[in-house]
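Proteins get letters first, then strands, A, B, ... in listed order; numbering begins at 1 in each.
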There are 4 protein chains.
Amino acid sequence: MCRWLAYYGSPVRLEELLYRPAHSLIDQSLHARLGVETTNGDGFGVGWYDDRDTPAVFHSVEPAWNDRNLRELAGHVSSPLVFAHIRASTGTAIQQTNCHPFRHGRWLWMHNGSIAQFPTVKRDLSLAVDPALYPSIEGSTDSELFFYLALTLGLEDDPPVAVARAVGVIEAVGRSHGVENPIQMTVATSDGNSVWAFRYSSEGRSRSLFFSTAIETLRALHPELELLQQLSVEARLIVSEPLGDLEGAWNEVPESTYGVVKPGEDEMHPFRPEPPS
Amino acid sequence: MCRWLAYYGSPVRLEELLYRPAHSLIDQSLHARLGVETTNGDGFGVGWYDDRDTPAVFHSVEPAWNDRNLRELAGHVSSPLVFAHIRASTGTAIQQTNCHPFRHGRWLWMHNGSIAQFPTVKRDLSLAVDPALYPSIEGSTDSELFFYLALTLGLEDDPPVAVARAVGVIEAVGRSHGVENPIQMTVATSDGNSVWAFRYSSEGRSRSLFFSTAIETLRALHPELELLQQLSVEARLIVSEPLGDLEGAWNEVPESTYGVVKPGEDEMHPFRPEPPS
Amino acid sequence: MCRWLAYYGSPVRLEELLYRPAHSLIDQSLHARLGVETTNGDGFGVGWYDDRDTPAVFHSVEPAWNDRNLRELAGHVSSPLVFAHIRASTGTAIQQTNCHPFRHGRWLWMHNGSIAQFPTVKRDLSLAVDPALYPSIEGSTDSELFFYLALTLGLEDDPPVAVARAVGVIEAVGRSHGVENPIQMTVATSDGNSVWAFRYSSEGRSRSLFFSTAIETLRALHPELELLQQLSVEARLIVSEPLGDLEGAWNEVPESTYGVVKPGEDEMHPFRPEPPS
Amino acid sequence: MCRWLAYYGSPVRLEELLYRPAHSLIDQSLHARLGVETTNGDGFGVGWYDDRDTPAVFHSVEPAWNDRNLRELAGHVSSPLVFAHIRASTGTAIQQTNCHPFRHGRWLWMHNGSIAQFPTVKRDLSLAVDPALYPSIEGSTDSELFFYLALTLGLEDDPPVAVARAVGVIEAVGRSHGVENPIQMTVATSDGNSVWAFRYSSEGRSRSLFFSTAIETLRALHPELELLQQLSVEARLIVSEPLGDLEGAWNEVPESTYGVVKPGEDEMHPFRPEPPS
């Protein structure tokens, strides 16, 4: 169980996203409300895009709330596209290579949820990864393996299709091992131009996921957040848990749905896993 | 705000103290009930006595609940006198030198609470430390400085008197700086033969502290803890928060009181700070 | 490139092995002489057997020379069978799950050297691991995967045969990928009763390995090591680099050889990889 | 013993300074040539100025050569004024609060060398720090205390005078405790507009310090460093050890000298401690 945040819009300093909101992601690392676990202290990660070819990532095994380097970075780095993730391990080791967001080339990936009975299905899922990609897997989490499955199945060409196929493989492999509900997920991925966010679970009771619909609404609802006044009207936040309590600020993403945040109109579509043929 | 545990009795493996009880110290690191903070994830420490001249200490800046080395040690180290502490920082850095228990020669010391407005009074309190002891201060916490004040004022000769004097100095210095309630404390200290535990606060509303009165009582109340069957009848636990929910297992130490656990009869006495002359 | 030490004999305190000798393993972490790399600062590990069913392991990503917890443990833990390893990464991440010695049940394993072009051969070698063992792999190193290959191929029944088979698989897989010299290795493994140590490389120019032949010799040559006076005459050290400079104290293990240290007479035999059938 | 680097000039990406040169600072962390210690693996730090009021600092207790976050940052952060420091502890703990550069407001400070017999003189030197500044001391090193002495004695108004006074105090206190040669130092400090660098030792045999005189010279001598072609002609590097072997690229700062790198003409002057009156 983890918490995450994706931001897309005018460049903002990371601290505006991570520390300023009343119920910020850093605050959620100590006191999450909607999650299965209330403490998300098993490491964290931040990824951001700038003018370089690949995004930067910063991973730490310390709890986010007491990491001094995160506070420094957050005060000095600005970016128009930011991923942040706080981790509550579901069993795998606390180490930087297990921290989200994961990166491959220009792509970032982060996940809340889990692949059920992961030790049982890990080998079969690893075999389904493209042998050319296999050596790039650095950690031991279900989330990173899920990312490499999606990369294997076309993430860089068509993210919704690739994720649907990857979930299809995970469900097929899980069920072949007798796992009833093979996957729980909210996932965010990006190539630096768009952000795709998915909400799905085999049992149909998925982890929470929220979109901020329009910056005008947010400005009205969070007058305490000065930065909102300066943001472009296209700015969007996608979060696993709302950053504040005001009514109407956040819209829950429906079950089995994915959204795309990109230049121009945002989109939201049904998400259906695609079983392997 | 922290949580701590002191054990005195027949040798037990550390895991019996730290991991087995229903509401163990490790569990409290994620979900404390009686503390100001519910998460105690800012490092931890364990100290234990064996046949060597000085006790061993193990300090880590990771949360106790996910530290693999602690789990290993706890499964392989046995001791008749154990201190364990989980930390929730009140502002000072998360680093091994700020982890309890602190050690000086044969003495261990751990503290829950704080010296109010510590940045304001730190210099004056540091000046009150014996210049010969001053270079041994390694960290930056109020708790370690409190320990060195007590050492300066005779801890090795008469712990209750030395702690009364140290608290007297802290209250006098605090009040000279306009601090209304200069100290909040439960403290445990040991020389390897006895354990002294103190509950006190300037405002008279101190952090919680509990003694287990008699092993027979505990045996009856915690039949799930096999180790209790093997313990000597003198075995005692002193804890900042009960390790289980059963009625009658734990006795709260009254306000402004200290206790001594030692071979023979235990003692409990009123605690009054001794103002500096 | 790493350095390691295995001790078998009367129980000794770890500090006698790790810190006391003139050119101790801790000293080698800063200034190795015989290795490819002079600094071994990418983490370390210690494993030891006691009266429990499984050995203890302590892993750290800090350099061994400045780890305060290692110094504490070394001063308080005694054992008749100790493995210690300091790491210089050949590319994989610095994290506890990549620190030697690795453990599976009662077995410990540590390795100096590398599997050549590991990213290229990693997937094929992973497939050769018993599916039932596969989920237990926690890290990302060649050394741990080598351990699981040996476990798959019978380590718990006949270590020399299992290691010969594992090396056979590694060489066959490597050569199928065009790798000229697939493996470089000194390896130590134990079940708590005996220690097996192997020296081999595909190119026939293996990492150094030394046995101390007889405690009487050592006593004569290291009079500064008080502990030698107290050791049983069966005590043995196996090291990747001598712990001191005295002539005659150490005997180099020949190329393509393995030794067994056990109760009774020690043994040394030729080592030949066994190609897969 | 440590190694450090200060850069002043057109904005450069940190990786150009830290990783690209043939004998880069990161390489020096494994293999320093001119230092007392060849390994500088006891943590590191980087500080840089940008458009914010205070400079950023990034501190880590891991060896610089294997820190993944440093590599990420170095590839994404650019700055016109950079301090970088790799540490070899002279005894104090390895923790972030002991990592250079130290920061106070807009000022950065880093130091190679040591205050002799620091435990003996630490208390007296601490007393010489302005009580209003005292609570800001976070770590336990001689270097940070030296910084706060300089701040107490006017660093923000006149750095050369303040450092001369601080060294005067350190020498007076040291000699009052019978210390023959109280200080060894190369120091760099900055307010974001200029860099001051000092080379001095009580014994007159100071740690090495080098200035790069003119960018045109560097361009000619380091054609492999593409970035040199893009730098302003005012760009300067000040280093404790040359970053390459080419003759003529580096000019040793004479004994008992300080230099100022700033907009316009650089300066170099004799440095003489100013004894306390």
Which donor-acceptor pairs lie under 3.5 Å between chain A and chain C?
from      : atom 1 : to        : atom 2 : distance (Å)
Gln95(A)  : OE1    : Thr97(C)  : OG1    : 2.6
Gln95(A)  : NE2    : Thr97(C)  : OG1    : 3.4
Thr97(A)  : OG1    : Gln95(C)  : OE1    : 2.6
Thr97(A)  : OG1    : Gln95(C)  : NE2    : 3.4
Arg123(A) : NH2    : Leu127(C) : O      : 2.9
Ser126(A) : OG     : Tyr134(C) : OH     : 3.1
Leu127(A) : O      : Arg123(C) : NH2    : 2.9
Tyr134(A) : OH     : Ser126(C) : OG     : 3.1

- Message: Using heavy-atom distances under 4.5 Å, tell me whether Ile94(A) contacts chain C through its side chain, its backbone, both, or neither.
- Response: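 Neither part.
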Is Val61(A) in contact with chain C via its backbone, its side chain, both, or neither, using a 4.5 Å heavy-atom distance?
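Looking at Val61(A), nothing touches chain C.
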**Prompt:** Quick one: of Ala132(A), Gly139(A), Pro131(A), Ala93(A), who has the most non-hydrogen atom pairs under 4.5 Å with chain C?
**Reply:**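 Answer, by heavy-atom pair count under 4.5 Å with chain C: Pro131(A).
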Task: Nearest heavy atoms of Pro119(A) and Pro135(C), plus distance in Å - done: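 Smallest interatomic distance, heavy atoms only, reads O-CG, 3.2 Å.
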- [ ] Using non-hydrogen atoms and a 4.5 Å limit, figure out which bit of Val129(C) sits close to chain A: side chain, backbone, both or neither.
- [x]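 For Val129(C), the contact with chain A is made by the backbone alone.
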